[in-house]
Amino acid sequence: MGIPLLRQLATGLLLAPLLAACSKTQLEQVQQSGELRVLTRNAATTYYEGPLGPTGLEYELAKGFAAELGVELKLVTAGNVAEIFDGLARKKAQFAAAGLTVTAQRETYVRFTPPYQEITQQLVYRMGNTRPRNPTELKGQLEVLAASSHAERLQRLQADFPQLVWRENDELEADDLLSLVSEKAIDYTVIDSNELKLTQRFHPELRAAFDLSEPESLAWAFPKGDDDSLYQLAVDYFERLKKSGRMAELIDRHYGHVGDFDYVGTRIFMRHIRERLPAYRPLLEQAAAENGLDWRLLAAMAYQESHWDPGAVSPTGVRGFMMLTKATARYLGIEERTDVAQSIDGGARYIRQLIEKVPERIHHPDRMWMAVAAYNIGYGHLNDARIITQRQGLDPDVWKNVEEHLPLLRKKPWYQKTKHGYARGNEAVVYVENIRSYYDILVWLTDQEKPRPVKVHTALTMASPVL
């Protein structure tokens, strides 16, 4: 055998695996590698590390999709929107799940899945400054994310408003720009309505001046190409999530508790965090650690109960920092309900017991919010609401479903058929919603105490089913 023939044979052997790999569909490549790579960004609306681990709407959607494929999810976090589309072009991931708005310009180089959420672009200013009513009234510095749908929108508007000028920032994220507006470093930014809704709890002085667009769709973005094996599965996945009601559950989990923004209440809470919380934080941290809880959840519950006032008394005579009833205090062995340390210790032990009482098959955070509702309304009434939920054909292990049926405990046709009878179920719903918001604010503020990384790199997470 001559040297040229040997070289041809060697080259063929080296190229064979590559050619075989190229012949596989994208779905087959993912299944063979055992890994689904997804581009995303760190944000409250997409993916972040929460107190209970990785979370965010995009994270949960991608995690469920990876689970259906039977592979691990590997999130590749990008520093900005431009990096996301560049990463797709360079095939750093199979698709992007990053709160991306569907636009005509983007559809020229990516293909989108069916939308999972609708948002509106809003111009944001700081309360106290003059509110602009339209683009002609902008007087100051406007900054937006570089390569974003917001920049695209401004470019289109410039044809009608030639005086419109702005700066595209390729170093910061949306929450950073909102912070700059809050701190008066810039005058305006443009943000999606869902992001503003979440961020207003942390920066209550932020306001939407006006909508910059009609409602727009958010969707996953896939590179364009002939191979639609993975794309079509994603399309089917979203259709099933919507049909089953699971999509609505996930959106409610991340946005349902935000509700109508309360500027005054949020400002008072922020002031109390500065003025009242430091005196009680060591006791809250100690009791939480002893009971395997997040101290910020305990603090949020205490604020809902007493506004961190040890001398607080409810209209029904319940007293103390954690508002323990006489019966509950007696059950827990609490001698003095108005003693802050005893009240916090008792409250921590009680919520821990309620969490353990809720069936283990119910996943967090649903299990936690059910336990919090039981702290307010009683475990028996919570169970009655879960039974009603099940009788209505809905899953009683999902907090959103139970939350919708708790108010029925006030109505005679419903409560007279339950074991524990009448209860103010609507108040329990508000109770949990308030605590969720207080908890989110405390998590956000305490996270600011940690050193912030300059750049976020890849995050590897194990997938588990969403359906």
Side-chain angles (χ1 to χ4, degrees), residues 50-55 60 249 253 256-257 280 283-306 318 320-335 337 340-390 394-403 405-406 409 418-420 423 425 427-429 431-436 438-440 442-443 462 464-465:
L52 300 176
T55 188
E60 293 207 43
E249 290 173 14
R253 175 180 293 179
H257 64 291
Y280 307 113
L283 290 173
L284 289 163
E285 289 179 340
Q286 179 182 345
E290 291 173 352
N291 291 277
L293 301 169
D294 185 336
W295 75 267
R296 296 165 295 190
L297 172 66
L298 201 58
M301 294 178 64
Y303 190 79
Q304 175 63 25
E305 293 288 358
S306 67
V318 183
F321 200 77
M322 297 296 294
M323 286 291 178
L324 300 173
T325 64
K326 287 183 179 179
T328 302
R330 191 180 308 115
Y331 164 73
L332 294 167
I334 301 298
E335 295 180 358
R337 287 185 295 162
V340 177
Q342 290 187 52
S343 183
I344 291 174
D345 172 69
R349 287 191 284 122
Y350 189 45
I351 187 61
R352 178 74 259 170
Q353 290 177 19
L354 288 170
I355 291 173
E356 292 173 351
K357 200 169 184 178
V358 175
E360 288 186 16
R361 68 175 179 273
I362 300 178
H363 301 296
H364 282 290
D366 297 69
R367 189 181 184 195
M368 183 166 69
W369 301 133
M370 288 190 195
V372 170
Y375 191 100
N376 171 260
I377 201 172
Y379 188 80
H381 291 305
L382 171 73
N383 212 37
D384 286 344
R386 292 185 63 234
I387 291 171
I388 291 174
T389 302
Q390 188 173 39
L394 296 174
D395 187 351
D397 293 348
V398 174
W399 166 245
K400 175 182 180 294
N401 298 338
V402 178
E403 179 185 40
H405 291 85
L406 271 166
L409 296 178
T418 66
K419 182 177 180 180
H420 299 89
E427 293 181 12
V429 170
Y431 178 86
V432 175
E433 287 180 351
N434 287 347
I435 288 172
R436 289 177 70 176
Y438 296 146
Y439 178 58
D440 282 352
L442 286 167
V443 168
M462 290 293 294
S464 59

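Fair warning: this is a prediction, and the values are worked out from it, not measured in the lab.
- Scanning for side-chain contact (heavy atoms from CB on, under 4.5 Å) contacts around Asn434 gives Gln304, Val430, Tyr438, with sequence neighbours left out.
- No donor-acceptor distance shorter than 3.5 angstrom exists from the side chain of His405 to the backbone of Ile388, with no hydrogens or angles considered.
- Heavy-atom minimum distance, Thr389 versus Pro396: CG2-CA, 4.0 Å.
- The shortest heavy-atom contact between Gly346 and Leu332 is O-CD1, 3.3 Å.
- Using the six-membered ring where Trp is involved, His381 and His420 have ring planes that are perpendicular, over 60° apart on the 30 and 60° scheme.
- Considering only residues two or more places apart in sequence or on other chains, Glu285 meets the side-chain contact (heavy atoms from CB on, under 4.5 Å) condition with Arg281, Trp295.
- Here the side chains of Leu293 and Ile355 are in contact, with some heavy-atom distance below 4.5 Å.
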*Passes side chain to side chain contact (heavy atoms under 4.5 Å, CB included), Glu305 versus Tyr431? Steps please.*
CA-CA 9 Å; Glu305 293 288 358; Tyr431 178 86; 2.6 Å; yes
*Can you check side chain to side chain contact (heavy atoms under 4.5 Å, CB included) on His363 and Trp399, steps first, answer last?*
CA-CA 10 Å; His363 301 296; Trp399 166 245; over 6 Å; no
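- Looking only at side-chain heavy atoms (C-beta outward), Tyr379 and Met370 stay at 4.5 Å or farther from each other.
- With sequence neighbours excluded, no residue satisfies salt bridge (Lys or Arg N to Asp or Glu O under 4.0 Å) with Arg367.
- Counting only heavy atoms from C-beta outward, the side chains of Asn376 and Val372 never approach each other to under 4.5 Å.
- Residues satisfying the salt bridge (Lys or Arg N to Asp or Glu O under 4.0 Å) criterion with Asp397, sequence neighbours excluded, are Arg361, Arg386.
- Partners of Gln286 under the side-chain contact (heavy atoms from CB on, under 4.5 Å) rule, at least two apart in sequence or in another chain, are Glu290.
- In this structure the side chain of Tyr375 never reaches within 4.5 angstrom of the side chain of Gln353, judged on heavy atoms.
- Minimum heavy-atom separation, Asn291 to Ala348: ND2-CB, 3.6 Å.
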*Could you go through the side chain to side chain contact (heavy atoms under 4.5 Å, CB included) check for Ile387 and Thr418 one step at a time?*
CA-CA 8 Å; Ile387 291 171; Thr418 66; over 6 Å; no
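- For the residue pair Leu298 and Ala288, the shortest heavy atom distance occurs at CD2-N, 4.1 Å.
- Heavy atoms only, all atoms of each residue included: Asp395 and Asn401 are closest at O-ND2, 3.0 Å.
- Residues Lys419 and Asn383 are not in side-chain contact: their nearest non-hydrogen atoms beyond the backbone lie 4.5 Å or more apart.
- Put simply, the side chain of Asp294 reaches to within 4.5 Å of the side chain of Tyr439, judged on heavy atoms.
- Put simply, the side chain of Glu249 never gets that close to the backbone of Lys400: no donor and acceptor are under 3.5 Å apart.
- Of the charged side-chain nitrogens involved, at least one lies within less than 4.0 Å of a carboxylate oxygen, so that Asp366 and Arg253 count as a salt-bridged pair.
- Residues Ala300 and Leu442 approach most closely at N-CD1, 3.9 Å, considering heavy atoms.
- Under a cut-off of 6.0 angstrom, the local environment of NE2 in His364 is crowded, with over 12 non-hydrogen atoms contributed by other residues, nucleotides or ligands.
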Donor-acceptor contacts under 3.5 Å from residues 320-330 side chains, at least two apart:
| residue | atom | partner | partner atom | Å |
| --- | --- | --- | --- | --- |
| Thr325 | OG1 | Thr328 | N | 3.1 |
| Thr325 | OG1 | Thr328 | OG1 | 2.8 |

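- Between Arg349 and Asp345 there is a salt bridge, with a side-chain nitrogen of the basic residue lying less than 4.0 Å from a carboxylate oxygen of the acidic one.
- By the neighbour-count criterion of 12 heavy atoms within 6.0 Å, atom CD of Gln390 is sparsely surrounded, having that number or fewer from other residues, nucleotides or ligands.
- Between Ile377 and Leu409, the closest side-chain pair of non-hydrogen atoms falls below 4.5 Å.
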